[in-house]
Amino acid sequence: MIRFLIFFFIGTAFMTAQNPQLEKVRTLYGQAAEKEKAARELLVLTEQKNSDEPVLLGYKAAGHMMMAKHVGNPFKKMSHFNKGKDYLSRAIEADKQNLELRFLRFAVQAEAPGFLGYRENLQEDKALLLKGVGQIEDRELHKMILNYLKNSNSLTSAEKERLE
């Protein structure tokens, strides 16, 4: 029993210590499309951990893809974008049912210029998100995904109404 309590408290402390980092990563992600500084901070934060944890790898991918918007050199743009695609693909491969990762890919594919040809999972991810968004227990994540979906041009009016 004592061992259980020790592991429980250590595990709880570890999860609590991880949570602020994830909150910071999510906040930076929300700002990164418009602010280069936030995109750079997102990359620094996700690179520091050098984690293969799928969700952090997904945000690292998103950070690279957002940086593509902020650099002027076309080769650097493509380099960031392709690096992000690779990281995101690896993250989703590691945790295929993770709605947060599917949200990240959906958002990138919905916003990516058509000439990049990166839209092959848009409908699949949208279906998963529409089906699962109501079951997300993390309030901040739920709110972030719901807000994005309600404002997305990739959802029909009927799909948006079902989110209400």
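This one's a predicted model, so the numbers in the text were calculated from it and none came from an experiment.
Two residues are said to be in side-chain contact when any heavy atoms from C-beta on lie closer than 4.5 Å; Lys126 and Glu159 meet this criterion. Side-chain contact between Leu88 and Tyr118 is present, with at least one heavy-atom pair separated by less than 4.5 Å. Side-chain contact between Met65 and Lys83 is absent, with no heavy atoms from C-beta onward closer than 4.5 Å. Proximity of Lys35 to Leu28: side-chain heavy atoms (C-beta onward) are nowhere separated by under 4.5 Å. Leu56 has its side chain out of reach of Tyr87: every pair of non-hydrogen atoms, C-beta onward, lies at least 4.5 Å apart. Counting only heavy atoms from C-beta outward, the side chains of Leu99 and Leu128 approach each other to under 4.5 Å. Side-chain contact check for Glu47 versus His64: some heavy-atom pair is nearer than 4.5 Å. Annotation: side chain of Leu42 is in contact with side chain of Val25 (closest heavy-atom distance under 4.5 Å).
A distance of 9.0 Å separates CE of Met67 from NZ of Lys76, quoted to the nearest 0.5 Å. Here the CG atom belonging to Leu122 is positioned 7.5 Å from the CG atom belonging to Asp125, to the nearest 0.5 angstrom. Atoms CG and CG, on Leu163 and Leu149 in that order, are 5.5 Å from each other to the nearest 0.5 Å. Distance check, rounded to the nearest 0.5 Å: CD1 of Ile136 to CG of Leu129 gives 7.0 Å. Taken to the nearest 0.5 Å, the CE atom of Met144 stands 4.5 Å off from the CZ atom of Phe103. Atom CZ in Arg40 sits 9.0 Å away from atom NE2 in His70 (nearest 0.5 Å).
Applying the side chain to side chain contact (heavy atoms under 4.5 Å, CB included) test to Asp86 and every residue at least two apart in sequence or in another chain returns Arg90. In this structure Ser152 satisfies the side chain to side chain contact (heavy atoms under 4.5 Å, CB included) test together with Phe106, Tyr148, Ser154, Leu155, sequence neighbours excluded.
Under a cut-off of 6.0 angstrom, the local environment of CG in Asn73 is crowded, with over 12 non-hydrogen atoms contributed by other residues, nucleotides or ligands. The local environment of NZ in Lys150 is crowded, with over 12 non-hydrogen atoms from other residues, nucleotides or ligands closer than 6.0 Å. Within 6.0 Å of NZ in Lys160 there are more than 12 heavy atoms belonging to other residues, nucleotides or ligands. Within 6.0 Å of CD in Glu93 there are 12 or fewer heavy atoms belonging to other residues, nucleotides or ligands. For Glu124, the CD atom is densely surrounded, since the number of other residues' heavy atoms within 6.0 Å is greater than 12.
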Go through it in stages, so that I can follow the logic: the residues are Asn121 and Arg102, the test is side-chain contact (heavy atoms from CB on, under 4.5 Å), and I'd like the CA-CA distance, side-chain angles, deciding distance and then a yes or no. CA-CA 9 Å; Asn121 308 101; Arg102 294 303 190 101; over 6 Å; no

Do Arg26 and Asp138 pass the side-chain contact (heavy atoms from CB on, under 4.5 Å) test, and can you show the C-alpha distance, the side-chain angles, and the key distance before you say yes or no? CA-CA 12 Å; Arg26 287 175 179 163; Asp138 182 317; 3.0 Å; yes

Please test Leu57 against Thr46 for side-chain contact (heavy atoms from CB on, under 4.5 Å), starting from the C-alpha separation and ending with a verdict. CA-CA 7 Å; Leu57 188 58; Thr46 55; over 6 Å; no

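Ala94 and Pro54 make their closest contact through CB-CG, 3.8 Å (heavy atoms, listed as atom of the first residue, atom of the second, distance). Scanning all heavy atoms of the two residues, the minimum distance from Val71 to Lys77 falls at O-NZ, 2.8 Å. When every heavy atom of Asn98 is checked against every heavy atom of Glu100, the shortest pair comes out as OD1-N, 2.8 Å.
When each of Leu101, Leu43, Leu22, Leu45 is tested with Tyr59 by the rule side chain to side chain contact (heavy atoms under 4.5 Å, CB included), just one qualifies, namely Leu22.
Linking ILVMFWY residues whenever their side-chain heavy atoms come closer than 4.5 Å, directly or via other members, places Leu116 and Met66 in the same cluster.
A donor-acceptor pair under 3.5 Å is formed between the side chain of Thr27 and the backbone N or O of Glu23.
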